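We name chains A, B, ... by the order of the sequence lines, and we start the count at 1 in each one. All figures in this text were calculated on a predicted structure; none of them were measured in a lab.
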Amino acid sequence: MKHQSYFDLVYYVTQQIPKGRVTNYGAIADYLSLGSARMVGWALTQSHSSSMGNIPAHRVVNRKGELSGRLHFATPTRMQELLEAEGIEVVNDKVVNFEELFWHPEELDDD
DNA sequence: TCTTTGACGTACA
DNA sequence: GTGTACGCCAAAG
């Protein structure tokens, strides 16, 4: 690891999110000490420009578990489709059992 | 350089 | 529960 922008840090953490789990912007921002959840959101807007490319941004939702960033995907329904494909229930653009599926960066529960 | 905006979150009326 | 205000900090115009 070398000097990396908060962008890369956000991308890295986002990629660590286990399949079928979700997290929110505040958790990542706090874990990386970015100081603002907006930095996470902003980084994800540029996720398509990241060197890694495949950033599972669909696993990152807001504090309410709402798919606030769905409009930034290829299609507004893309985010929900990806979540449902991982076994996550989405109703009315919100994650069902969000608290149960919530994942914290510190847990790093691989598998 | 200044102003506005933003995939957020918390506080308060 | 809803609406408004503010903090946070970076990018775009």
Side-chain angles (χ1 to χ4, degrees):
Chain A
M1 305 287 242
K2 357 176 148 178
H3 310 192
Q4 31 197 6
S5 309
Y6 67 91
F7 286 75
D8 299 310
L9 295 174
V10 172
Y11 299 151
Y12 180 77
V13 174
T14 303
Q15 291 181 318
Q16 308 315 304
I17 303 175
K19 177 183 177 183
R21 300 290 294 281
V22 293
T23 191
N24 63 20
Y25 304 93
I28 296 175
D30 182 64
Y31 175 68
L32 298 176
S33 301
L34 299 181
S36 266
R38 294 193 168 201
M39 302 298 96
V40 179
W42 184 253
L44 291 179
T45 60
Q46 300 292 314
S47 64
H48 64 87
S49 290
S50 77
S51 302
M52 309 174 203
N54 300 315
I55 308 298
H58 57 278
R59 294 178 183 154
V60 185
V61 297
N62 67 11
R63 187 183 176 289
K64 300 176 185 174
E66 299 174 333
L67 282 53
S68 49
R70 67 196 148 125
L71 298 176
H72 290 259
F73 282 76
T75 62
T77 57
R78 182 64 174 171
M79 190 171 184
Q80 179 172 337
E81 291 176 7
L82 291 169
L83 289 172
E84 293 182 330
E86 297 187 353
I88 299 175
E89 238 179 312
V90 179
V91 177
N92 192 14
D93 297 323
K94 292 191 299 187
V95 176
V96 179
N97 296 328
F98 175 62
E99 294 184 358
E100 292 183 22
L101 297 173
F102 187 84
W103 172 87
H104 193 279
E106 291 181 352
E107 294 184 18
L108 284 174
D109 182 53
D110 196 77
D111 179 280

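- Remark: side-chain polar atoms of A/Y6 are not paired, donor with acceptor, to backbone N or O of A/S33 under 3.5 angstrom.
- Looking at heavy atoms from C-beta onward, A/F98 lies out of side-chain contact with A/R63 at the 4.5 angstrom threshold.
- One P atom belongs to C/dA5, the other to B/dT4, and the distance between them is 16 Å to the nearest Å.
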Report all interatomic pairs (protein N or O, nucleotide N or O of nucleotides 10-13 of chain B) with separations under 3.5 Å.
{"from": "B/dT10", "atom 1": "OP2", "to": "A/R63", "atom 2": "NE", "distance (Å)": "2.5"}

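- Side-chain N or O atoms of A/N62 include one that pairs as donor or acceptor with a backbone N or O of A/K64 at under 3.5 Å.
- No donor-acceptor distance shorter than 3.5 angstrom exists from the side chain of A/R78 to the backbone of A/F73, with no hydrogens or angles considered.
- Annotation: side chain of A/I17 is not in contact with side chain of A/V22 (no heavy-atom distance under 4.5 Å).
- Comparing A/G35 and A/F7 along DNA chain C, the residue whose closest nucleotide (by nearest heavy atom) sits nearer the 5' end is A/G35.
- Of the residues listed (A/E86, A/E81, A/R70), the one engaging A/H58 in a side chain to side chain donor-acceptor pair (under 3.5 Å) is A/E86, and it is the only one.
- Between chain A and DNA chain C, the heavy-atom contact criterion of under 4.0 Å yields a 5' to 3' nucleotide range of C/dG7 to C/dA11.
- Rounded to whole angstrom, the span from the CE atom of A/M39 across to the C1' atom of B/dG9 amounts to 12 Å.
- Note on A/A29: nothing from the nucleic acid sits closer than 4.0 angstrom, heavy atoms only.
- Distance A/Q46 CD to B/dT5 C1': 14 Å, rounded to the nearest Å.
- Taking 4.5 Å as the limit, every side-chain heavy atom of A/T14 sits out of range of all side-chain heavy atoms of A/R59.
- In this entry the distance linking CH2 of A/W42 with C1' of B/dG6 reads 7 Å, nearest Å.
- No chain of hydrophobic side-chain contacts below 4.5 Å, direct or via other Ile, Leu, Val, Met, Phe, Trp or Tyr residues, connects A/L44 to A/F102.
- DNA chain B is contacted by A/S68, A/G69, A/H72, A/F73 of residues 64-81 of chain A, taking any non-hydrogen atom closer than 4.0 Å.
- No continuous path of hydrophobic side-chain contacts links A/Y31 to A/V61 [ILVMFWY only; heavy atoms under 4.5 Å].
- At least one donor-acceptor pair closer than 3.5 Å links the side chain of A/Q16 to the backbone N or O of A/Y12.
- Residues A/L67 and A/Q80 form a side-chain contact, since some pair of their non-hydrogen atoms from C-beta on lies under 4.5 Å apart.
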